[in-house]
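Predicted, not measured: the structure shown is a model, and the values here were computed from it. Naming convention: chains lettered A, B, ... in sequence-line order (proteins, then strands); numbering from 1 in each chain.
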There are 2 protein chains.
Amino acid sequence: MNIQFKKGVLELCVLSTLSHKDCYGYELVQTLSADIKISEGTIYPLLRRLKNDGYVETYLQESSGGPPRKYYKLTQEGAAMEASLQDEWKRFARAVEHLIEGGGLHE
Amino acid sequence: MNIQFKKGVLELCVLSTLSHKDCYGYELVQTLSADIKISEGTIYPLLRRLKNDGYVETYLQESSGGPPRKYYKLTQEGAAMEASLQDEWKRFARAVEHLIEGGGLHE
DNA sequence: CAGGGTACATCGGAATGCAAGGTAGTGTGT
DNA sequence: ACACACTACCTTGCATTCCGATGTACCCTG
């Protein structure tokens with residue numbers, strides 16, 4: 001899988017997943033990797049960034065069989081960001097589709 | 001337009017455009033920018049990379065009203081790369097679509 | 001002869017993802 | 001008791017790609 005394609009998109013994927021339910025970091029790696037491979041070295045700095053920007057909040061929860069899990073919860077700003085990014089992505093994907101199908105010509 | 005989304009995709013767009021007809025760098029900037037903004041500072045290093053990797057060949061052609069144009073022509077390897085990248089892109093776009101629609105769940 | 005369009009090119013900075021490495025807790029096999 | 005694997009967190013350095021700024025040079029128009 002082309003690494004470059006993922007740039008910026010993983011942020012959208014994380015926000016989108018969190019818009020359905022709260023998740024902890026390790027869980028996000030497992031869940032997202034079913035569709036798009038993402039490594040721990042990517043997710044943790046990304047989640048830290050999202051928290052710093054106010055798009056998510058965190059809370060700890062004990063776990064049987066491992067250290068406590070840090071859950072991430074979408075804020076209102078995060079939900080707005082998710083919607084915005086999703087819209088941007090769809091417009092971008094359409095533009096690419098247009099270019100690779102039509103060769104950028106008006107057909 | 002989210003800059004990060006473009007990472008790696010511009011290479012596909014350039015190869016795809018060249019698969020329809022030979023172009024010179026400045027022309028590619030104008031053509032592609034109708035759909036996806038791309039700057040000269042991006043296209044020239046990209047074209048050099050494609051040439052170094054053997055995906056394109058170049059030839060000069062005089063122009064009325066400006067310096068000579070350096071045309072880029074797709075090689076066989078370039079055409080194969082274009083097909084491969086296009087396939088990768090489509091699978092990637094489907095995976096993203098699946099994630100942001102279904103939230104990564106099996107629905 | 002100044003300014004704008006054409007057309008090439010390079011450089012440094014910013015953003016992002018990854019592999020590799022580190023810390024701990026829990027459970028299983030021998 | 002001890003090694004190993006799995007869970008779960010985290011950081012650091014590296015590679016890649018894109019952009020804005022900048023530079024060169026040609027041609028035409030006012």
B:P67 side chain, from C-beta outward: closest of C:dC18, D:dT17, D:dA25: D:dA25

Side-chain N,O (A:S63) to OP1/OP2 (D:dA8) below 4.0 Å: yes

Whole-Å gap separating C1' (D:dG20) and NZ (B:K6): 12 Å

B:L47 CG to D:dC18 C1', straight-line distance once rounded to whole Å: 14 Å

Under-4.0 Å side-chain N/O to phosphate OP1/OP2 contact, B:Y26 with C:dC8: no

Residue whose closest nucleotide on DNA chain D lies nearer the 5' end, B:S64 versus A:G65: A:G65

Exercise: do A:K51 and A:T58 side chains pair donor with acceptor under 3.5 Å: yes

Selected nucleotide, minimal atom distance to A:I38 side chain, candidates C:dC8, C:dC18, D:dA8: C:dC18

No-H, no-angle donor-acceptor pair, B:E40 side chain to D:dC19 base, under 3.5 Å: no

For atom CG of B:L60 and atom P of C:dA7, their distance in whole Å: 13 Å

Rounded interatomic separation in angstrom, taking CD from B:Q4 and C1' from C:dA14: 8 Å

Side-chain N or O of A:T42 closer than 4.0 Å to phosphate OP1/OP2 of C:dC18: yes

Interatomic distance where CD belongs to B:Q61 and C1' belongs to C:dC8 [whole Å]: 16 Å

Sugar-phosphate only, base, or nothing, as touched by B:K70 at under 4.0 Å among non-hydrogen atoms: sugar-phosphate

Rounded distance (Å) that lies between atom C1' of C:dC18 and atom CZ of A:F5: 17 Å

Where B:Y72 and B:Y24 come nearest, the two heavy atoms and their spacing: CD1-CA, 4.4 Å

CG on A:L50 to CD on A:E57, rounded to 0.5 Å: 12.5 Å

Separation of D:dC9 P from A:Y72 OH (nearest whole Å): 7 Å

